[in-house]
Amino acid sequence: MSDRDRFVVVSGGGTGIGRATAARFAQQGDRVTILGRRQEVLSAAAAGIRGTHPVRALAVDLSRPEDIEARLGELPDRVDVVVNNAGGRGTPAEAGGLKEVAERWRRDFDNNVLPAVLLTEALLPRLASPGGRVITIGSVAALRGNGSYGAMKAALQAWNHTLAGQLGSRGATANVVVPGYVAGTEFFGGPASEEELARRRAQTLVGRVGEPADVAAAVAFLAGPDAGYITGEFFNVNGGTLLGR
Ligand SMILES: NC(=O)c1ccc[n+]([C@@H]2O[C@H](COP(=O)([O-])OP(=O)(O)OC[C@H]3O[C@@H](n4cnc5c(N)ncnc54)[C@H](OP(=O)(O)O)[C@@H]3O)[C@@H](O)[C@H]2O)c1
């Protein structure tokens, strides 16, 4: 192992943005571990990524503290970069009473807030100090609404402030990358229609929708040597979707 090897943990690394991020780190020579609930999806992703080192795939439900504790021994002893990417939109508003409303909000909390908070807490004692980087994938939904999902992404932004404060004295940073619409992931459960893609393109200032690699590039920058003085930030990667709307 060279002095320059970095250990990178990417949650939700089996698909979409997480997979592209894992590939980016692996291709630049880092030692990458990907996490997700489905072992077969993770194993297929790891096998398909060509990097300097093989990508490790570990199945764990990051919303469950006991699952994380059970797998901690299999995670690297030193972690240079944590990418909190696991998350997703719960079922959109469904009919029902308060019970259904409460269930939806709890599900979105479990899906989006707990995976980032629990994984980070678990890895904090192993985070490189100085030099560690925690990068969390938020969403424009935090600023545009989108019900309980947007509220959970907003919660991650508030949490990131506290985390950045904690990490500062250790010479480590914490930032949130804020994508807009990104095609080619499992997020929406299937490919978008042409009409939907046209609507999404029109929301941007650059006339195209985002790709997983766009987000991965921003994560790689924030994890890289030129970003050591950037912390507590929300880093928009959405083709200008937020501007003017
Ligand atoms: N696509 C977009 O337009 C968009 C826009 C803004 C923000 N985002 C955010 O980007 C991130 C990545 O989403 P994506 O678009 O790439 O969608 P995706 O393909 O559905 O990726 C989400 C990943 O998270 C994993 N995951 C979910 N819950 C988990 C849990 N409890 N424990 C472990 N892993 C879990 C999933 O794997 P398993 O199901 O196997 O666990 C999956 O690999 C999410 O945080 C999402 O909110 C996406």
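In listed order, ligands and their atoms are each counted from 1. For the numbers below, each heavy atom of this structure counts, side chains included, while hydrogens, waters and symmetry mates do not. Numbers here simply count residues along the sequence, with the first being 1.
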**Report entry** Exceeds 12 heavy-atom contacts within 6.0 angstrom, atom CZ of Arg64
**Finding:** no
Query raised in the report: Looking only at heavy atoms of Asp61, does any of them come nearer than 4.0 Å to an atom of ligand 1?
Result: yes
Query raised in the report: Roughly how far, to the nearest 0.5 Å, is CZ of Arg19 from CD1 of Ile49?
Result: 5.0 Å
**Report entry** Minimum-distance protein heavy atom relative to atom 9 (C) of ligand 1
**Finding:** Ile137 CG2, 3.8 Å
Requested in this report: Write out the residue and atom name of the closest protein heavy atom to atom 44 (C) of ligand 1, then the distance separating them to 0.1 Å.
Outcome: Asn85 O, 3.2 Å
Query raised in the report: Between Pro115 and ligand 1, does any nitrogen or oxygen pair lie at a separation below 3.5 Å?
Result: no
Requested in this report: Consider every N or O of Glu186 and every N or O of ligand 1, then say whether any pair is closer than 3.5 Å.
Outcome: yes
Requested in this report: Could you check atom 35 (C) of ligand 1 against the protein and tell me its nearest heavy-atom contact, residue, atom and distance included?
Outcome: Ala86 CB, 3.6 Å
Query raised in the report: Quick check: does any side chain N or O of Asn175 sit under 3.5 Å from a backbone N or O of Ile230, one acting as donor and the other as acceptor?
Result: yes
Query - atom 34 (N) of ligand 1: the protein heavy-atom neighbour that sits closest, reported with distance to 0.1 Å - result: Gly36 CA, 3.4 Å
Query raised in the report: Are Asn160 and Thr136 linked by a side-chain donor-acceptor pair shorter than 3.5 Å?
Result: no
**Report entry** Where ligand 1 meets Gly16 - atom numbers and elements under 4.0 angstrom, heavy-atom basis
**Finding:** 16 (O), 19 (O)
Report summary line: In ligand 1, the atoms that come under 4.0 Å of a heavy atom of Tyr181 are 3 (O)
Query raised in the report: How close does the nearest protein non-hydrogen atom get to atom 37 (O) of ligand 1, and which residue and atom is it?
Result: Arg38 NH2, 3.7 Å
Requested in this report: Taking only heavy atoms of Phe188 into account, list the atoms of ligand 1 that are under 4.0 Å away from them.
Outcome: 3 (O)
Query raised in the report: More than 12 foreign heavy atoms under 6.0 Å from CZ of Arg106: is that the case here?
Result: no
Query - Centroid-centroid distance, Phe25 to His53, less than 6.0 Å - result: no
Query raised in the report: Could a heavy atom of Arg89 be found less than 4.0 Å from some atom of ligand 1?
Result: no
**Report entry** Residue selection (non-hydrogen contact nearest atom 5 (C) of ligand 1) among Pro179, Ala142, Gly180
**Finding:** Gly180
**Report entry** Pair Arg200 + Glu196: basic N to acidic O under 4.0 Å
**Finding:** yes
Query - Ser63 near ligand 1 by a heavy-atom separation under 4.0 Å - result: yes
Query raised in the report: When you measure from atom 23 (C) of ligand 1 to every protein heavy atom, which one gives the shortest distance, and what is it?
Result: Gly12 CA, 3.7 Å
**Report entry** Protein heavy-atom partner closest to atom 42 (C) of ligand 1 - residue, atom, separation in Å
**Finding:** Thr15 OG1, 3.2 Å
Query raised in the report: Hey, are Glu100 and Arg104 close enough for a salt bridge, meaning a charged N less than 4.0 Å from a carboxylate O?
Result: no
Query raised in the report: For ligand 1, which atoms have a heavy atom of Ile17 less than 4.0 angstrom away?
Result: 10 (O), 15 (O), 16 (O), 48 (C)
Query raised in the report: Between CG of Asp67 and CD of Glu69, what distance do you get to the nearest 0.5 Å?
Result: 10.0 Å
Query raised in the report: Atom CZ of Arg144 and atom OG of Ser139: how far apart are they, to the nearest 0.5 Å?
Result: 9.0 Å
Query raised in the report: Do the rings of Phe188 and Tyr181 sit parallel, tilted or perpendicular, given the 30° and 60° boundaries?
Result: tilted
Query raised in the report: Please state which protein non-hydrogen atom is closest to atom 7 (C) of ligand 1 and give its distance, to 0.1 Å?
Result: Gly138 O, 3.2 Å
Report task. Kindly work out whether a path of hydrophobic side-chain contacts (I/L/V/M/F/W/Y, heavy atoms less than 4.5 Å apart) joins Met152 to Phe234. Result -> no
Requested in this report: Check Val60 against ligand 1 and report side chain, backbone, both or neither, counting heavy atoms closer than 4.0 Å.
Outcome: backbone
